[in-house]
There are 2 protein chains.
Amino acid sequence: MLACCFGSVTTKWLHKPMSEPITILIADDHTMFRQGLREILERKGGFSVVAEVSDGVAAVEAAQRFTPAIALLDISMPELTGIEAARQIVQASPTTRTVILTMHRDERTVLEALRAGANAYLLKDADSTELIEAVRAVHRGEAALAGSAAARVLDMLRRGDSVTAPADLLTARERDILALVAQGDDNRAIALKLSLSEKTVGNRLSEIFQKLGVTNRTQAAIVAVQRGLVPPPSAL
Amino acid sequence: MLACCFGSVTTKWLHKPMSEPITILIADDHTMFRQGLREILERKGGFSVVAEVSDGVAAVEAAQRFTPAIALLDISMPELTGIEAARQIVQASPTTRTVILTMHRDERTVLEALRAGANAYLLKDADSTELIEAVRAVHRGEAALAGSAAARVLDMLRRGDSVTAPADLLTARERDILALVAQGDDNRAIALKLSLSEKTVGNRLSEIFQKLGVTNRTQAAIVAVQRGLVPPPSAL
DNA sequence: CTAATCATAGGTAGAATTATGCAGATCTGG
DNA sequence: CCAGATCTGCATAATTCTACCTATGATTAG
């Protein structure tokens with residue numbers, strides 16, 4: 001522990017001879033988590049947290065303004081999920097590489113994130129050294145997937161079918177509907193809010209269920225939130 | 001930043017003359033978050049993290065074995081929610097004071113936690129200095145509620161009715177059912193798993209909806225997870 | 001241009017959900 | 001032991017949901 005502290009101080013003094021520190025944007029809706037991450041990164045040395053934001057929209061804006069080398073994006077954020085944010089950040093700030101943070105070890109979420117242009121996918125119960133290593137790897141231009149995640153994705157790539165078949169990506173409209181389902185709206189409410197007929201909502205929903213591999217709306221809501229397909233319901 | 005680092009080192013050297021460090025148990029299912037918390041607490045000085053666990057059951061066991069002065073409990077944990085863990089910890093280790101961490105600013109959750117015997121209730125988007133202050137206050141024997149939370153609870157206490165009326169605490173059986181709803185089970189599946197008739201499940205559900213102030217099972221599932229009434233669905 | 005996909009919406013039929021009311025069994029605190 | 005709360009089960013009816021079918025117009029890719 002002391003060694004660690006000394007180590008960090010030492011590293012700090014050696015900043016100048018090192019190459020530029022890696023600039024980082026942290027996006028997570030929990031202040032404590034952000035501060036913890038910042039501590040870990042800055043004490044380690046070689047990293048410079050240039051922005052901290054608490055929702056997806058702010059993340060995109062900050063990425064555009066600060067063009068950080070790395071954007072650490074939590075999946076579950078208000079306004080815009082980490083995955084959506086990543087999608088927009090690769091447009092808004094192409095030099096920024098994105099790392100998705102999540103608590104769910106879900107293969108399909110990984111693919112969803114990678115398709116959105118994310119360069120890495122890390123579980124929140126990964127060790128902080130794994131995080132550091134992943135950030136460095138991504139900064140070097142490698143696409144990093146933490147330990148177990150990497151194995152799973154490779155497995156899926158090997159099986160082949162998994163990568164193409166469950167390309168069950170929801171369409172934009174389907175996501176609209178799913179987002180309302182995940183807020184507890186019934187079909188009538190959804191139809192009203194989206195100016196659709198209840199029939200259409202019901203039909204869409206059936207397709208969504210198929211794509212998500214579930215059989216009812218409650219399961220769909222759970223999956224949607226867990227996979228970061230829609231922003232989590234803020235408060236009821 | 002440098003000052004901060006020196007400060008922490010200094011504090012560490014001064015450990016001995018200080019009163020005993022406050023022993024702390026951290027329970028959260030995200031390793032990164034735990035490590036961040038630990039960093040923040042240990043660098044600040046005066047705190048000693050004696051155990052880190054990732055689920056509610058382990059939290060209760062650790063509290064029993066290490067009898068920490070403070071248990072920092074995340075609400076949303078596998079196996080056992082932070083609130084349930086607090087309930088059991090006050091039994092298993094009466095000298096341990098519990099601090100509930102959550103991301104939801106929900107008045108009813110606050111009450112739920114306080115009723116379970118928690119000594120403090122902190123939002124995860126609180127500042128780390130607030131956390132430190134709260135932990136110290138709780139250790140001094142005070143019941144701490146972070147800024148806005150305190151105000152809200154006081155408001156509710158003032159209104160009076162809120163404290164007694166929404167004593168809509170669910171019964172044990174109702175929680176059982178709600179937990180399955182929050183996993184996406186339909187009434188038939190619930191009836192099977194709990195050895196009940198579908199009718200009974202339906203009846204219970206209607207009462208649960210009333211108590212939670214919702215109108216359908218999806219909303220109930222959302223509320224249940226957000227309030228920490230049931231452990232979140234692990235993976236679907 | 002053609003084929004494919006998407007968004008829309010209508011229909012039917014069956015399954016599930018939800019709101020109520022009633023009632024016996026059990027348990028618990030006073 | 002009593003009173004009250006809880007758990008259980010049954011019934012009914014209205015509502016909602018879900019699966020599956022068809023079909024039209026718009027957009028898009030090849």
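Naming: A, B, ... by sequence-line order, numbering from 1 per chain. In what follows, every heavy atom counts, from backbone to side chain, and hydrogens, waters and symmetry copies are set aside.
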- So what does A:Thr171 touch, heavy atoms closer than 4.0 Å: a base, only the sugar-phosphate, or nothing? sugar-phosphate
Tabulate below the donor-acceptor pairs under 3.5 Å that side-chain atoms of residues 55-69 of chain B make, not counting sequence neighbours, or state none.
{"from": "B:Asp55", "atom 1": "OD1", "to": "B:Val57", "atom 2": "N", "distance (Å)": "3.0"}
{"from": "B:Asp55", "atom 1": "OD1", "to": "B:Ala58", "atom 2": "N", "distance (Å)": "3.0"}

- Message: According to side chain to side chain donor-acceptor pair (under 3.5 Å), who are the partners of B:Thr218, at least two apart in sequence or on a separate chain?
- Response: A:Thr218
- Across all chains, not counting sequence neighbours, the salt bridge (Lys or Arg N to Asp or Glu O under 4.0 Å) partners of B:Glu207 are B:Arg204
Distances for protein N or O near nucleotides 28-30 of chain D N or O, under 3.5 Å:
none

- Message: Report for the helix from C:dC1-D:dG30 to C:dG30-D:dC1: angle between first-end and last-end helix axes, five pairs each, rounded to 10 degrees.
- Response: 60°
- Let me have a per-nucleotide readout for nucleotides 14-30 of chain C, 5' to 3', with B, S or -, counting only protein heavy atoms under 4.0 Å. --SSSBBB---------
- Which salt bridge (Lys or Arg N to Asp or Glu O under 4.0 Å) pairs, counting each pair once, include a residue from residues 82-102 of chain A, with sequence neighbours left out? A:Glu84-A:Arg87
- Message: Please list all pairs meeting salt bridge (Lys or Arg N to Asp or Glu O under 4.0 Å) that have one or both residues in residues 176-201 of chain B, counting only residues at least two apart or in different chains.
- Response: B:Arg173-B:Asp176, B:Asp185-B:Lys193
- Among residues 175-182 of chain A, which residues get a heavy atom nearer than 4.0 Å to DNA chain C? none
- Item | side chain to side chain donor-acceptor pair (under 3.5 Å) against A:Thr171, all qualifying residues, sequence neighbours excluded | A:Glu174
- Item | Set of residues satisfying salt bridge (Lys or Arg N to Asp or Glu O under 4.0 Å) with respect to B:Arg34, sequence neighbours excluded | B:Glu52
- For B:Thr102, side chain to side chain contact (heavy atoms under 4.5 Å, CB included) partners two or more places apart: B:Ile75, B:His104, B:Tyr121, B:Leu123
